[in-house]
Amino acid sequence: MLNLTEKHALIQKIAEKLAKEKVAPRAKEIDSTGAFPWDLVDLYKKQGFLYLMLPEKFGGLDGDITSLCVVTEELAKVSGASSLIPLAHHVGVMPIMIAGNEEQKDYLYSKIAAPDNLCVVAFALTEPEAGSDASHMRTYATKDGDYYYLNGKKAMITNGANAQIYSVFAATDSKKRTAGISAFYVEKDYPGVIIGKSEDKMGMIGSDITELIFDNVRLTKDNLLGKEGQGWDIAMSTLNLSRPAVGAQAVGLAQGALDYAVDYAWKRVQFGQKLADFEGIQFMVADMATKVEAARALVYDAAHLLDMKVYERDKMSAIGVDKLSAMAKVYSADVAMSVTTDAVQILGGYGYTKEYPVERMMRDAKATQIYEGTNQVQRIVIARDVFRHLHA
Ligand SMILES: Cc1cc2nc3c(=O)[nH]c(=O)nc-3n(C[C@H](O)[C@H](O)[C@H](O)COP(=O)(O)OP(=O)(O)OC[C@H]3O[C@@H](n4cnc5c(N)ncnc54)[C@H](O)[C@@H]3O)c2cc1C
């Protein structure tokens, strides 16, 4: 059980109601058709869920990570894909929040918060040849006079086909490796921005992952977020901020599957008794519930530390928020995978059919072990931090 503040408890109630009343009835259909649920995005916007990260003057909560976690968890309990769309949107907003200047923030936040515009944002780091090793990117922003010319291809970008704004990372000086990467905001309607193929994926169906191709897209210094060469730090700071929310998504998926399996075990009778009366099932359920609570505690602990604004890079390593953020993500994602798999097991053959939601939850859970840095990469981050502190 969580000790949420009054503000966060209220947000949770609103998100829970929306998830149960509006998202849950659509979850199966979204998964089977794969159609991007614009109607839900519209509802999220009306509830303020698309501008949680924005400053108060735009109706937001000024980068509050706990509120993002609470909303994401509630949506993920009923539909992974429907939770991923606003989550990926916020990951796209974070580079602007971290590094944008006042003019850029005013311009972009006005677009995101405008009542008559359904503006979704995407975070574009991954490339076909640069996934875990993202710093080996081949997207270049070549400077020529007052302009940068952006060329290259990004891959598997969530919201890629539907976003109006992209936070894009590109090399401005490839000799400098990570110190030669810069961050830009790019708008969909710029000449040379091409939406490439969308992937046909295992889960999270209804949210898109898409290629983005940049064919000599002309940018000005007004598109540069932060300074030239700060892109890598901006990307890593973004991921430190967003990983607890991916953890919250994983917790939501696991809780949704656990709740369904518990209810099923209570009603299903075999050998003349409820499944819930078999010790083998009870022990599974006990382990599942324990893992979910442990994952939730890690997620909200990391979120709380981030909300104390300790995420500036110098302070971050001092108290290990990057490690905690990675732990929250890696543990919750592994819990989501194991709990959703066990939920399928508890439903037996029916769990393996599309009639019941647990197989969808299991497919959705797999993604949380892969994006925002794979779970192997998270373990590298954690181990590096553990050993660094040993020798500090
Ligand atoms: C549903 C979905 C949504 C996504 N959304 C976005 C998005 O919005 N924006 C974005 O930029 N990207 C996005 N991605 C891309 C995602 O971040 C990458 O898939 C991920 O970083 C892994 O890169 P890769 O797929 O190239 O795998 P690779 O890097 O090729 O890795 C393959 C395997 O090798 C392992 N591996 C790699 N290096 C090491 C190592 N040093 N030690 C041990 N094991 C290692 C990996 O853990 C993995 O198991 C998304 C992906 C998915 C599936």
Side-chain angles (χ1 to χ4, degrees), residues 30-31 34 36 72 76 79-96 120-139 152-171 181 183-186 188 195-214 231-232 234-243 245-247 249-250 253 326 329-330 333-334 336-337 360-384:
I30 290 168
D31 181 63
F36 192 82
T72 306
S79 166
S82 307
S83 72
L84 180 56
I85 294 163
L87 170 55
H89 162 83
H90 286 294
V91 182
V93 170
M94 284 172 186
I96 303 163
V120 174
V121 186
F123 175 85
L125 178 66
T126 304
E127 299 186 2
E129 303 301 326
S132 301
D133 190 8
S135 68
H136 268 105
M137 61 182 63
R138 292 174 189 182
T139 297
K153 188 197 267 187
K154 296 289 175 182
M156 290 189 266
I157 306 307
T158 304
N159 295 337
N162 295 296
Q164 283 180 24
I165 299 166
Y166 310 108
S167 292
V168 178
F169 298 86
I181 292 171
F184 298 88
Y185 79 82
V186 176
K188 189 185 204 166
I195 311 295
K197 73 168 166 123
S198 280
E199 303 295 342
D200 186 7
K201 53 190 165 26
M202 172 195 285
M204 297 291 182
I205 296 169
S207 72
D208 64 296
I209 56 169
T210 311
E211 282 179 352
L212 288 177
I213 298 151
F214 304 113
W232 185 251
I234 296 168
M236 294 306 108
S237 300
T238 295
L239 296 175
N240 278 333
L241 282 179
S242 63
R243 278 176 186 143
V246 176
Q249 182 183 47
L253 283 163
K329 191 268 182 186
V330 73
D334 285 349
M337 199 65 243
R360 165 169 54 81
M361 292 163 168
M362 183 178 160
R363 286 185 283 111
D364 290 350
K366 187 64 209 169
T368 66
Q369 292 182 309
I370 296 171
Y371 50 51
E372 300 281 302
T374 65
N375 274 15
Q376 284 82 359
V377 169
Q378 301 313 301
R379 288 182 165 93
I380 294 171
V381 171
I382 295 163
R384 201 179 282 154

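What you see below is based on every heavy atom in this structure, not just the backbone, and it leaves out hydrogens, waters and symmetry mates. This one's a predicted model, so the numbers in the text were calculated from it and none came from an experiment. Each ligand, and each atom within it, is numbered from 1 in the order the structure gives.
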Using a strict cut-off of 4.0 Å, indicate which atoms of ligand 1 neighbour a heavy atom of [X].
X: Ile380; result: 40 (C), 41 (N), 42 (N)
X: Thr374; result: 22 (C), 46 (C), 47 (O)
X: Ile370; result: 19 (O), 20 (C)
X: Ile209; result: 1 (C), 2 (C), 3 (C), 4 (C)
X: Ile157; result: 7 (C), 8 (O), 9 (N), 10 (C), 11 (O)

Please determine if [X] has a nitrogen or oxygen closer than 3.5 Å to a nitrogen or oxygen of ligand 1.
X: Thr126; value: yes
X: Ser132; value: yes
X: Thr158; value: yes
X: Phe123; value: yes
X: Ala124; value: no

message: For Leu125, which part has a heavy atom under 4.0 Å from ligand 1: side chain, backbone, both, or neither?
response: both

- prompt: Which bit of Asn375 is near ligand 1, meaning a heavy atom under 4.0 Å away: side chain, backbone, both or neither?
  reply: neither

message: Pairing donors with acceptors under 3.5 angstrom, does anything connect the side chains of Thr368 and Gln249?
response: no

Does the protein place a non-hydrogen atom closer than 4.0 angstrom to [atom]?
atom: atom 30 (O) of ligand 1; value: no
atom: atom 20 (C) of ligand 1; value: yes
atom: atom 34 (O) of ligand 1; value: no
atom: atom 1 (C) of ligand 1; value: yes
atom: atom 50 (C) of ligand 1; value: yes

task: Counting heavy atoms only, name the option from Arg379, Met156, Gln369 that's nearest to atom 7 (C) of ligand 1.
output: Met156

field: Least distance between heavy atoms, Val330 atom then Asn375 atom
entry: O-ND2, 3.2 Å

field: Verdict with reasoning, Ile85 to Phe36, per side-chain contact (heavy atoms from CB on, under 4.5 Å)
entry: CA-CA 9 Å; Ile85 294 163; Phe36 192 82; 3.7 Å; yes

